[in-house]
Amino acid sequence: MKGTGAVGCPRRVGGRLVAAALLAVAGTSTAADWPQFLGLGRNGVSHDTGLLTSWPKSGPPRLWEKAVGAGFSGPVVAGDRLILFHRQSDEEVVECLDAGSGQSKWRFAYPTGYRDDFGFDEGPRSTPVIAGDFVYTLGAEGALHGLELATGKKVWGRAVNQEYGVRKGFFGVATSPLVEGDLLLVNVGVRNAGVVAFDRATGKEVWKATDHEASYSSPVAATVAGKRLVFFFTREGLAAIDPRSGAVQFTKRWRSRVNASVNAATPVVVGDDVFISACYDTGALLLHFGKDGAEEVWRSDEVMSNHYGTCVYHDGHLYGFDGRQEYGARLRCVEWKTGKVRWTQEGFGCGSMILAGGHLLIVTEGGELVSAEASPAAYREKARAAVLSKPVRAQIALANGGLYARDGKKLICLDMKK
């Protein structure tokens, strides 16, 4: 995959921000860190090595666990710092923990009155992003914050939904912000401000683009056909935007005709190809980008319809959860270039998936940790163990040999090193 939106901490030179480092989202992070939603490359791929692929029925060794509040926000890790975003009582809480022990380093909190219309979880949904010396969070009601990573001190904050007049969606704000260069990009979701770029050092608006409503998908940055673009899978469909200017380069409507529907999976970018997928009689679409725009490679609602989990790519194949969560999704392997289904594991359900060392590490909605080969030949399960209580909706993280996962009551760290 070309380009990963990798940036470092910002500094001012000649009155403007420039990137101090260009190798990693977390600035000083290693390839084994997990500083944002779906990892360093925002593609669900871990570069950790020497990991367990099987374990006893009791599961891998548990290094620590910590009681947590409500929320579907996934943990992120840079070095020895883990950021947990959850709700305790009537506050949304950003907490920095020692990644090795679970001990708290600092805590930042602010009031929230979010209520879920469907009686689901009332905590934050969006996963934080660590970039250089800062961490950024987006709450269920649109509270956007930039904090000092070392201390938790508030650098800036904005009430995005209130400022831009965003109406409440089905499940609160769930898109995870994207750092690209000096910018923090958010699918805000109103007319003339569908996507907004904020100066990540000050929180000031830099540009805004599209009229698209917000989805529950998180954006990704990549270089395709020689151009640096950010890809947003909004409620309307795919939008490719020049991150420097905010100019919209390409749009493709891709949404259900049913109003009570969501687009939630993050686009998957491989080379010059971009894959998007949704349920509700929508299905999957693979586009190939060239100098003159994008052309359709294949589309189907019978191949890989992602409800909310994002697929991972490995050696010419996609691995993901096909089907609606409430109806019982299945795990599936699909050829990238053709859309041909190679195998299906029925009754698997939805979950959170990471690719590491040629294996799929999955925490299912039911709380089981599963290891399976990432092979198109057949579904080959290596190990399975109950590690959490259902429902598990937060994205898991794999950093420096530790697997971090949470449900609505606790966060655990499993030792995945051989």
Side-chain angles (χ1 to χ4, degrees), residues 1-2 38-39 41 43-57 59-60 265-277 279 283-288 297-325 327-366 368-387 395-396 398 403 405 414 416-418:
M1 172 173 164
K2 299 179 180 178
L38 294 175
N43 55 8
V45 177
S46 169
H47 299 284
D48 242 339
T49 57
L51 301 174
L52 294 174
T53 57
S54 61
W55 46 78
K57 290 183 178 180
T266 292
V268 179
V269 184
V270 178
D272 294 332
D273 296 341
V274 179
F275 172 87
I276 55 175
S277 179
C279 282
L285 172 69
L286 182 67
L287 296 167
H288 177 75
V297 179
W298 60 264
R299 68 164 71 190
S300 176
D301 191 27
E302 304 297 327
V303 172
M304 183 71 79
S305 297
N306 300 142
H307 197 177
Y308 68 87
T310 301
C311 292
V312 297
Y313 171 88
H314 180 60
D315 286 350
H317 295 84
L318 276 175
Y319 299 85
F321 306 103
D322 173 58
R324 292 273 292 275
Q325 173 267 338
Y327 299 155
R330 49 200 178 180
L331 186 66
R332 178 166 273 185
C333 172
V334 173
E335 286 184 0
W336 177 262
K337 286 293 187 181
T338 67
K340 179 182 177 181
V341 176
R342 295 300 301 267
W343 55 255
T344 300
Q345 183 69 9
E346 296 286 355
F348 197 93
C350 285
S352 173
M353 181 189 305
I354 286 175
L355 175 74
H359 284 75
L360 305 175
L361 292 177
I362 302 166
V363 175
T364 70
E365 271 200 336
E368 291 185 303
L369 173 64
V370 178
S371 170
E373 292 182 15
S375 168
Y379 175 74
R380 298 189 180 113
E381 188 171 304
K382 304 291 286 293
R384 182 183 289 252
V387 296
Q395 173 66 35
I396 57 178
L398 181 60
L403 181 71
L414 301 177
M416 301 300 294
K417 296 187 294 290
K418 289 182 179 178

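Taken to the nearest 0.5 Å, the CG atom of Leu38 stands 11.0 Å off from the CE atom of Met353. We find the CG-NE2 distance between Asn43 and His314 to be 12.5 Å, quoted to the nearest 0.5 Å. Here Ser54 contributes atom OG and Lys418 contributes atom NZ; the two are 8.5 Å apart, rounded to the nearest 0.5 Å. Within the model, atoms CD of Glu335 and CZ of Arg342 stand 5.0 Å from one another, a figure rounded to the nearest 0.5 Å. How far CE of Met416 is from CG of Leu361: 5.0 Å, rounded to the nearest 0.5 Å. For the atom pair CD1 of Ile354 and CG of Leu398, the computed distance is 5.0 Å after rounding to the nearest 0.5 Å.
Residues Ser305 and Gly283 approach most closely at OG-CA, 3.5 Å, considering heavy atoms. Here the shortest heavy-atom pairing between Ser371 and His359 reads OG-CD2, 4.1 Å. The two residues Ser375 and Cys333 make their nearest non-hydrogen contact at O-SG, 4.5 Å. Residues Asp273 and His288 share a closest heavy-atom pair of OD1-ND1, 2.7 Å.
Trp343 places no side-chain N or O within 3.5 Å of a backbone atom of Leu331 that could act as its donor or acceptor partner. Of the possible polar contacts, none joining the Tyr379 side chain to the Arg332 backbone as a donor-acceptor pair under 3.5 Å is found. Judged purely by atom type and a 3.5 angstrom limit, Asn306 uses its side chain to pair as donor or acceptor with the backbone of Phe321. Side-chain atoms of His307 come within 3.5 Å of backbone atoms of Gln325 as a donor-acceptor pair (strictly under, hydrogens ignored). Remark: side-chain polar atoms of Ser352 are paired, donor with acceptor, to backbone N or O of Ile396 under 3.5 angstrom. Judged purely by atom type and a 3.5 angstrom limit, Ser277 uses its side chain to pair as donor or acceptor with the backbone of Met304.
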Next on the checklist: Using side-chain contact (heavy atoms from CB on, under 4.5 Å), reason through Thr310 and Val268 one step at a time and then give a plain yes or no.
Outcome noted: CA-CA 8 Å; Thr310 301; Val268 179; 4.0 Å; yes
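Side-chain contact between Thr344 and Asp322 is absent, with no heavy-atom pair separated by less than 4.5 Å. Looking at heavy atoms from C-beta onward, Val297 lies out of side-chain contact with Leu287 at the 4.5 angstrom threshold. You'll find the side chain of Leu286 reaches within 4.5 Å of the side chain of Trp336, heavy atoms only. Inter-residue side-chain proximity for Leu355 and Tyr319 is flagged as unmet; no heavy-atom pair is nearer than 4.5 Å. A heavy-atom distance below 4.5 Å is not found between the side chains of Trp298 and Thr338. Contact check for Glu302 versus Val341: no side-chain heavy atoms found under the 4.5 Å cut-off. A 4.5 Å side-chain heavy-atom check between Leu369 and Leu403 finds at least one atom pair inside the cut-off.
Atom NZ of Lys340 is surrounded by 12 or fewer heavy atoms from other residues, nucleotides or ligands within 6.0 Å.
Remark: Trp55 pairs with no residue by the ring-ring contact (aromatic ring centres under 6.0 Å, His included) rule, at least two apart or across chains.
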